[in-house]
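Keep in mind that this is a model prediction, so the values were computed, not measured. Just so we're on the same page: letters track the sequence lines, and every chain starts at 1.
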There are 2 protein chains.
Amino acid sequence: MPTIYEVSKLAGVSLATVSRVMNNTSPVRESTRKKVEAAMAELGYRPNSIARSLASNRSDSIGILVSELHGPFYGAMISSIEAEFRTAGKHVIIAAGHSEEATERDGIEFLLSRNCDALILHVEAVSDEYLVQLKAKEIPFVLINRQVPALQPQCISLNNKLGGYLATQLLLRQGHRQLGYISGPLWKTDAQDRYRGHQLALQEAGLDWDPKRLFEGDYHEDGGSAGIRYFLQQGIPLTALICANDEMASGAMTEAREQGLFIPQQLSIIGFDNVMLSHYTYPKLSTIDYPIAAMGQMAARWVLKEVYQQKQPELQLVFEPRLIERDSCVVQPQP
Amino acid sequence: MPTIYEVSKLAGVSLATVSRVMNNTSPVRESTRKKVEAAMAELGYRPNSIARSLASNRSDSIGILVSELHGPFYGAMISSIEAEFRTAGKHVIIAAGHSEEATERDGIEFLLSRNCDALILHVEAVSDEYLVQLKAKEIPFVLINRQVPALQPQCISLNNKLGGYLATQLLLRQGHRQLGYISGPLWKTDAQDRYRGHQLALQEAGLDWDPKRLFEGDYHEDGGSAGIRYFLQQGIPLTALICANDEMASGAMTEAREQGLFIPQQLSIIGFDNVMLSHYTYPKLSTIDYPIAAMGQMAARWVLKEVYQQKQPELQLVFEPRLIERDSCVVQPQP
DNA sequence: AGACTAAATGTAAGCGCTTTCATTTATAGC
DNA sequence: GCTATAAATGAAAGCGCTTACATTTAGTCT
């Protein structure tokens, strides 16, 4: 593997000039640039990114921490982030936090130790104070799907409350009055916000809010099926069900069917996130779109702008969810 | 951020000794080790991985190239690879190849330029010769889901033929005689192999192989629905359908239902891969399990052993698929 | 043409670590 | 107690690049 030194010798210029040609960091006469480029081509020179990083104190790498690497949700997010950085010549280092505080801290430590220029964090378990402290350290970072008041300008989030509101509103519009709600773990802020949106929609419609009609799930399929069993066992009549994510909606759908209910005729179900699986269910799941790819891209642009000083169009920090109507919610037949 | 130099000063030893303490690269007296560790703790020292890489000529990073970052299949693979390396203190750099030759080469170039110690490649479009040439370069790599004869010892693959065989065998055992097959793009070797397994099973059962009963799909949902339309239009009677992956099976299922067929009563469908979506379909999809997580882990171990000289249990290069019976295939009722 | 300024290029000092080789210190043998 | 040997430590030379600063070359003006 040839080094910059060999290139400079072959081209008959100094190291510095070769470096300048590579980085466009100061003007070089056209003729010398040509010579250098020819030498690079002849040797098949490829700059050593490690050496470059050490000298320049940039690693051109961005750390990403997500809860899970598999699963449709994070896949879409990582995918859009990688694409954005790739065209910018940066690369992405990935770690998983598994929604546990210790693992998340660990992951951040790990990324820090790899000398990332910036971090993009989708963390849930770590405390706000921890993040504020992290800010005090040298490293710039963006938060996805989390609002920390002190860190406002670096939080990219979804209006989860609006999402819960939209989902509920659809069902109300369809004439449903007996609603159930399966939430995510309520210590997670997004789960709380979605539920608040639900409550707001109920309230606006002048409906009572009944705590029995809330079941706290786990954002996994099991949560959905457990929710269905809960409502049935408690004898709570339901014509429509809101699930705080698509996986729980899927679990609920399966369980409801096993319990003999026809979906959507006897029970309308709406999910949240619009991950890929919502295409695959039968009936196809109505849901709330979480524009995670766009948000990932925005996070990448944030970094490009704030850390690498690239000019970027106006950054958008808050995203709006959108209602996706498919087949799992229908108008409540008049009794 | 403190450097090794400051640690050495505080501990009253030389740089070399601190380095030795960190890397266990040669024995250090217990008392000095204590001193050094105390100094590191006091300063909150964290080694600079960039500098370390430059000096040692290792980057402790492994490049991974997959076709897509999103989607359940690659997610599972990346997840298991990351987990394995993470515990080894290595990290993973990811690029997407999008099943296109130019992009794949590009991705490899990109990873090479990041000074990866090794690559794990899930490539489809790039030629065998290219890979053989790559081997001639300095960089070690493993291939996942690909067999290159000259690169045998670094290929981790699934016995795809057996998978096609198993799927077909199930349907035959269930009494089906009118089978259809929706393959992946036949320029992909895995698509070919799966189909060969299908042919073999037919042959063993003494059944004719009819080229009209093959539809070449694209491994996406559309391929599945197009396949159903094809069989219907051609008036080819079918009681069971083998799809070369789960996505096409899902597409086929949806389309068949829209065409008025009851699944599985009128048409049994089996998929391939056992990706997450196969849980979500209705009826739940019977399929062939592709142990992608295990294979990813094995690829990581290959690297740990061959590149980092870590001792590892015997490496397994060929994996066997397994039949997963769910609800989408039933015994063919006697006519 | 000479003086002055701007543009282009070169020089060399690091960046923070690893690692070879030399040196010092402890251990053992007699 | 003194040498022979092994163990522990230190000194210093890079790894391949960037970049501040110095120097040279070209360009402009009078």
Any chance you could list the contact pattern along nucleotides 7-17 of chain D? Use B for base contacts, S for sugar-phosphate-only contacts and - for none, protein heavy atoms under 4.0 Å, 5' to 3'.
-> -SBBB--BBBB
Taking the six-membered ring of A:Tyr308, is the NZ or CZ of A:Lys90 close enough (under 6.0 Å from the centre) and on axis enough (within 45°)?
-> yes
Is the shortest side-chain N to carboxylate O distance from B:Arg146 to B:Glu124 below 4.0 Å?
-> no
Flag the pair B:Asp60 and B:Arg58 as a salt bridge only when some basic side-chain nitrogen lies within less than 4.0 angstrom of an acidic carboxylate oxygen.
-> yes
Would a 4.5 Å heavy-atom cut-off, applied to side chains only, mark B:Val123 and B:Glu101 as touching?
->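 Result no, sub-4.5 Å side-chain heavy-atom pair not found.
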Which residue pairs pass the side-chain hydrogen bond (donor to acceptor under 3.5 Å, both in side chains) test when at least one of the two sits in residues 31-40 of chain B, sequence neighbours left out?
-> B:Asn24-B:Arg33
Passes side chain to side chain contact (heavy atoms under 4.5 Å, CB included), B:Ile94 versus A:Ile94? Steps please.
-> CA-CA 8 Å; B:Ile94 291 183; A:Ile94 291 183; 3.5 Å; yes
Short side-chain donor-acceptor distance under 3.5 Å, B:Asn145 and B:Tyr290 = yes
Looking at five pairs on each end of the helix from C:dA1-D:dT30 to C:dC30-D:dG1, what is the angle between the two axes, given to 10 degrees?
->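 Helix axis angle between the two ends: 30°.
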